[in-house]
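Please read the structure below before turning to the comments.
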Amino acid sequence: MKYSGILRGLGLWWLLLSVATVAAAPCDTLRVAFLTDIHVTPGNTQDSLLHIAIDEINASTCDIVLLGGDLTNLGSDAELEHVHALISRLRKPWCAVPGNHETTWSESACTTFARIFGHDGRIAFRAGGYLFLGYASGPFMKMAMGAVRTEDLA
């Protein structure tokens, strides 16, 4: 399967060029695998497809893997643990942000994602001379703001 730079989702990722005085110039090619809205429940079709996708990504020449929100179907602790274990099989650098299924639908009041993934969904890192900013954002529904918070932009 060929991975392209098509970014779909709900404003979960913004790719910003680094300022030349802050970081090295961006590389000519940065191969990104982007997975979003995979909605995994252990044993469902998406679970099987994620296994295949991880194998294909590991065999690919991609440089980095980005996972946009809705990694789980119901946001349960068991689903989050399961998805994290699968994603941890990646042999490429990766980063994930939560979606509304991991936050507003969470059975743990949004604490499980932070405990398992090591951040609350707001993250910044550099790859190939580019600055990646990840933060959760999504639709206005189910107690979610539906907007990017001012503190996330800051």
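- Side chains of Leu49 and Val40 form no contact here, defined as non-hydrogen atoms less than 4.5 Å apart.
- Note that CG of Leu35 and CG of Leu71 are 9.0 Å apart. Values are rounded to the nearest 0.5 Å.
- In this structure, the side chains of Cys95 and Ile123 come closer than 4.5 Å at one or more pairs of heavy atoms.
- Once rounded to the nearest 0.5 Å, the distance linking NE2 of His84 with CD1 of Ile116 reads 7.0 Å.
- The aromatic rings of Phe117 and His119 stand perpendicular to each other, their planes meeting at an angle above 60°, with 30° marking the opposite boundary.
- What you find for Gly121 and Pro98 is that their closest heavy atoms are CA-CD, 3.3 Å.
- Between Leu86 and Ile54, the closest side-chain pair of non-hydrogen atoms falls below 4.5 Å.
- A side-chain donor-acceptor contact under 3.5 Å links Asn44 to the backbone of His39.
- Residues Asn58 and Leu90 meet the side-chain proximity criterion, which asks for heavy atoms closer than 4.5 Å.
- With rounding to the nearest 0.5 Å, the separation of CD1 in Ile38 from CG in Asn73 is 10.5 Å.
- From Leu30, atom CG reaches atom CG of Asp63 across 5.0 Å, with rounding to the nearest 0.5 Å.
- With Glu102 contributing its side chain and Leu80 its backbone, the two residues share no donor-acceptor pair below 3.5 Å.
- Using a 4.5 Å heavy-atom cutoff, the side chains of Ile64 and Phe125 are in contact.
- The line from CG of Leu50 to CG of Asp55 is 9.5 Å long, rounded to the nearest 0.5 Å.
- The shortest side-chain heavy-atom distance between Leu66 and Trp94 does not fall under the 4.5 Å cut-off.
- When side chains are defined from C-beta on, Phe113 does not count as touching Asp120, because their heavy atoms never get closer than 4.5 Å.
- Contact of the Lys92 side chain with the Ile57 side chain is registered, since non-hydrogen atoms from C-beta on lie closer than 4.5 Å.
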Apply side chain to side chain donor-acceptor pair (under 3.5 Å) to residues Gln46 and Thr41 and explain how you reach the verdict. CA-CA 7 Å; Gln46 292 86 336; Thr41 295; over 6 Å; no

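- One distance of note links NE2 of His101 with OG1 of Thr72; it measures 7.0 Å at 0.5 Å rounding.
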Go through Asp47 and His82 one step at a time and tell me if the side chain to side chain donor-acceptor pair (under 3.5 Å) criterion holds. CA-CA 9 Å; Asp47 183 26; His82 179 76; 2.9 Å; yes

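- Although no hydrogens or angles enter the test, the distance criterion places a donor-acceptor pair under 3.5 Å between the side chain of Glu79 and the main chain of Gly75.
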